[in-house]
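A short write-up of the structure that comes next.
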Amino acid sequence: MPTRVELGAGKVREVGRLASRYGRRALLVTGRTASKSLAERFNVRELLEDAGVEVVPFHEVEENPSDKTVDRWAELARREGCDIVVALGGGSPLDAGKAIALAATNGPPVARFVRTWTRPEERPEREALPIIAIPTTAGTGSEVTPYAVLTVDVGKRPLISHHIYPRVAIVDPELTYTMPPNLTAATGMDALSHAIEAYIAKRSNPLSRMFSVEAGRIILRELPRAVKAPDPSSRAAMAYASMLAGVAIAQAGTAVVHGLSYVLTTDFGIHHGMALALLLPPTLKVLSDRCGDRILGFARCVGVDAGSAEEFAEFLGDFVRSLVGERRLRDWGVTEERVKYMVEVSQGSRGNIENTPGGFSPSDAERVYRELL
Ligand code: NAP
Ligand code: ZN
């Protein structure tokens, strides 16, 4: 695992010491609201400066960051002579920070490194600036992955490069305490989806499955408490499990559930984790005829007493409803007329489909979306 993980409550206070090993002038990347305030509340700028690291602040990352944002700030990082990126926030600021670190050394446009499947991607030649990643949600695992998901002209697509593995992940659960129940549930379901998708993925291996199972076991036990009555121990467990599920996808990748989710985020504004929470049960049901044994294997390893993959999918449906209530795609304005378009867009996530045992046809995708209308 190329990323050193610093895990535990209070660890963010070590950011200065950790960053000063890699650079002297940091671009400090956060989102616009919660993560910006968290950086202030936890004195991240002062901690860096006290350790001799100058700070260039960038508090403007939007949700589901675009390649344009990355390009603009990569230019700035170059102009300002930044030699390290410290990214603090949910997956959006972390992914933006990682992509900025790569574009700062290789030069924009960053979109040329993104796997779109519509044009050949370039391989970055230069190392990225060193990255310190500090998650404030417990879900994406971006702090330990070689991925940055960017919104480009054809939708949400991954930039995949070993250069963007963060040097250090500071996983401090105290930064997640301010998450409201819905965000806790959605991000937690992102992590569960990572664990399950990586487990069933074609590229899975015994090591990734070990991370998947440990993450899944913890999430199924701790997420309900983190959503309904959060305490330091459930928050710590979710921060840890999310990181473990990140290691699983770093090894094995995600599969079709992620592929189906992106259009729900880009076109209907459904949060990444919420989209996965909705999609996971019906997608696993469709997959049960081609990789039911793997799905059931995961269920048994995480201690769910299911007799079949379909039963596990039903169990997950109940689990999701207990966290977010009964939600339908129509709550976000998705209508039957849009299904054809959604199916078409989802087919563009070729990497996710190819990593799914037995593949996933347009009619499979249609079945899933229709079930959720
Ligand atoms: P996010 O998009 O980073 O943030 C969602 C919202 O939550 C923002 O308004 C954010 O505020 C707020 N927020 C963040 N931390 C908070 C806290 N502690 N308390 C209260 N509010 C908080 O959400 P996310 O689910 O963490 O990340 C989703 C993104 O990650 C998507 O783009 C997804 O594709 C990507 N992703 C990447 C990977 C990977 O391996 N790279 C894996 C999975 C998902 P701000 O305004 O401060 O941002
Ligand atoms: Zn995800």
Side-chain angles (χ1 to χ4, degrees), residues 3 12 29-42 58-66 69-70 87-99 131 133-152 155-161 164-166 169 172-198 226 230 235 238-239 242-243 245-255 257-266 269-277 279-280 349 352:
T3 302
V12 72
V29 179
T30 74
R32 291 171 173 155
T33 59
S35 51
K36 175 173 185 266
S37 336
L38 284 164
E40 282 160 11
R41 176 130 64 87
F42 284 84
F58 167 35
H59 302 310
E60 283 175 35
V61 178
E62 70 277 17
E63 288 184 44
N64 310 296
S66 74
T69 301
V70 169
L88 180 147
S92 297
L94 297 194
D95 284 1
K98 287 158 73 179
I131 301 155
I134 312 173
T136 65
T137 58
T140 73
S142 176
E143 67 275 14
V144 290
T145 71
Y147 313 126
V149 184
L150 299 180
T151 305
V152 297
K156 271 174 85 89
R157 292 286 189 278
L159 188 168
I160 306 172
S161 166
I164 61 170
Y165 270 113
D172 183 340
E174 288 186 358
L175 295 166
T176 68
Y177 289 0
T178 49
M179 276 199 293
N182 265 348
L183 185 63
T184 305
T187 51
M189 285 305 299
D190 185 15
L192 184 60
S193 207
H194 292 163
I196 295 176
E197 288 178 70
R235 291 296 196 189
M238 284 306 302
S242 160
M243 182 276 293
V247 177
I249 59 167
Q251 296 287 320
T254 52
V257 192
H258 268 67
L260 294 174
S261 78
Y262 293 134
V263 66
L264 298 180
T265 300
T266 52
I270 306 180
H271 178 272
H272 177 64
M274 179 62 82
L276 297 165
L279 288 163
L280 194 55
S349 291
N352 297 97

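Just so it is clear, the values below take in all heavy atoms, side chains as well, and ignore hydrogens, waters and symmetry mates. Counting starts at 1 for both ligands and their atoms, in listed order.
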With distance as the sole test, does [X] use its side chain to make a donor-acceptor pair with the main-chain N or O of [Y] at under 3.5 Å?
| X | Y | value |
| --- | --- | --- |
| Thr3 | Val144 | no |
| Ser35 | Gly31 | yes |
| Thr151 | Ser66 | no |

Numbering the atoms of ligand 1 from 1, which are under 4.0 Å from a heavy atom of [X]?
| X | result |
| --- | --- |
| Thr145 | 39 (C), 40 (O), 41 (N) |
| Ser35 | 45 (P), 47 (O), 48 (O) |
| Leu175 | 18 (N) |
| Val149 | 34 (O), 37 (C) |
| Asn64 | 31 (C), 32 (O) |
| Asp190 | 43 (C), 44 (C) |
| Thr136 | 14 (C), 15 (N), 16 (C), 17 (C), 18 (N) |
| Gly31 | 45 (P), 47 (O), 48 (O) |

Between [X] and ligand 1, which part of the residue brings a heavy atom under 4.0 Å of the ligand: side chain, backbone, both or neither?
| X | result |
| --- | --- |
| Thr187 | side chain |
| Leu38 | side chain |
| Thr33 | both |
| Met179 | both |

Side chains of [X] and [Y], donor plus acceptor under 3.5 Å:
| X | Y | answer |
| --- | --- | --- |
| Thr145 | Lys98 | yes |
| Lys156 | Thr265 | no |
| Arg235 | Thr184 | yes |

Original post:
Mind checking whether His194 has a heavy atom under 4.0 Å from ligand 1?
Top reply: yes
**OP:** Report yes or no: does Pro93 have a heavy atom closer than 4.0 Å to ligand 1?
**Re:** yes
Report the nearest protein non-hydrogen atom to [atom]: residue, atom name, distance rounded to 0.1 Å.
| atom | value |
| --- | --- |
| atom 21 (N) of ligand 1 | Ala34 CB, 3.2 Å |
| atom 9 (O) of ligand 1 | Glu63 OE2, 3.2 Å |
| atom 12 (C) of ligand 1 | Leu183 CD2, 4.0 Å |
| atom 41 (N) of ligand 1 | Asp95 OD1, 2.8 Å |
| atom 19 (N) of ligand 1 | Thr178 OG1, 2.8 Å |
| atom 27 (O) of ligand 1 | Gly91 N, 3.1 Å |
| atom 34 (O) of ligand 1 | Lys156 NZ, 3.1 Å |
| atom 3 (O) of ligand 1 | Ser92 N, 3.0 Å |

Student check: side-chain heavy atoms of [X] and [Y] closer than 4.5 Å:
| X | Y | result |
| --- | --- | --- |
| Glu174 | Phe42 | yes |
| Glu143 | Leu94 | yes |
| Arg32 | His59 | no |
| Arg157 | Val149 | no |
| His271 | Thr187 | yes |
| His272 | Ser261 | yes |

**OP:** Quick one: list whatever passes ring-ring contact (aromatic ring centres under 6.0 Å, His included) with Phe58, sequence neighbours left out.
**Re:** Trp73
Original post:
Sequence neighbours excluded, which residues qualify as side-chain contact (heavy atoms from CB on, under 4.5 Å) partners of Thr254?
Top reply: His194, Glu197, Ile249, His258, Asn352
**OP:** Count up the protein N, O or S atoms sitting under 2.8 Å from the Zn ion (ligand 2), would you?
**Re:** 4
**OP:** Using the test salt bridge (Lys or Arg N to Asp or Glu O under 4.0 Å), find all partners of Glu40 that sit at least two apart in sequence or belong to another chain.
**Re:** Lys36
Subject >> Option of least heavy-atom distance to atom 23 (O) of ligand 1 (set: His272, His271, Met189) >> reply: His271
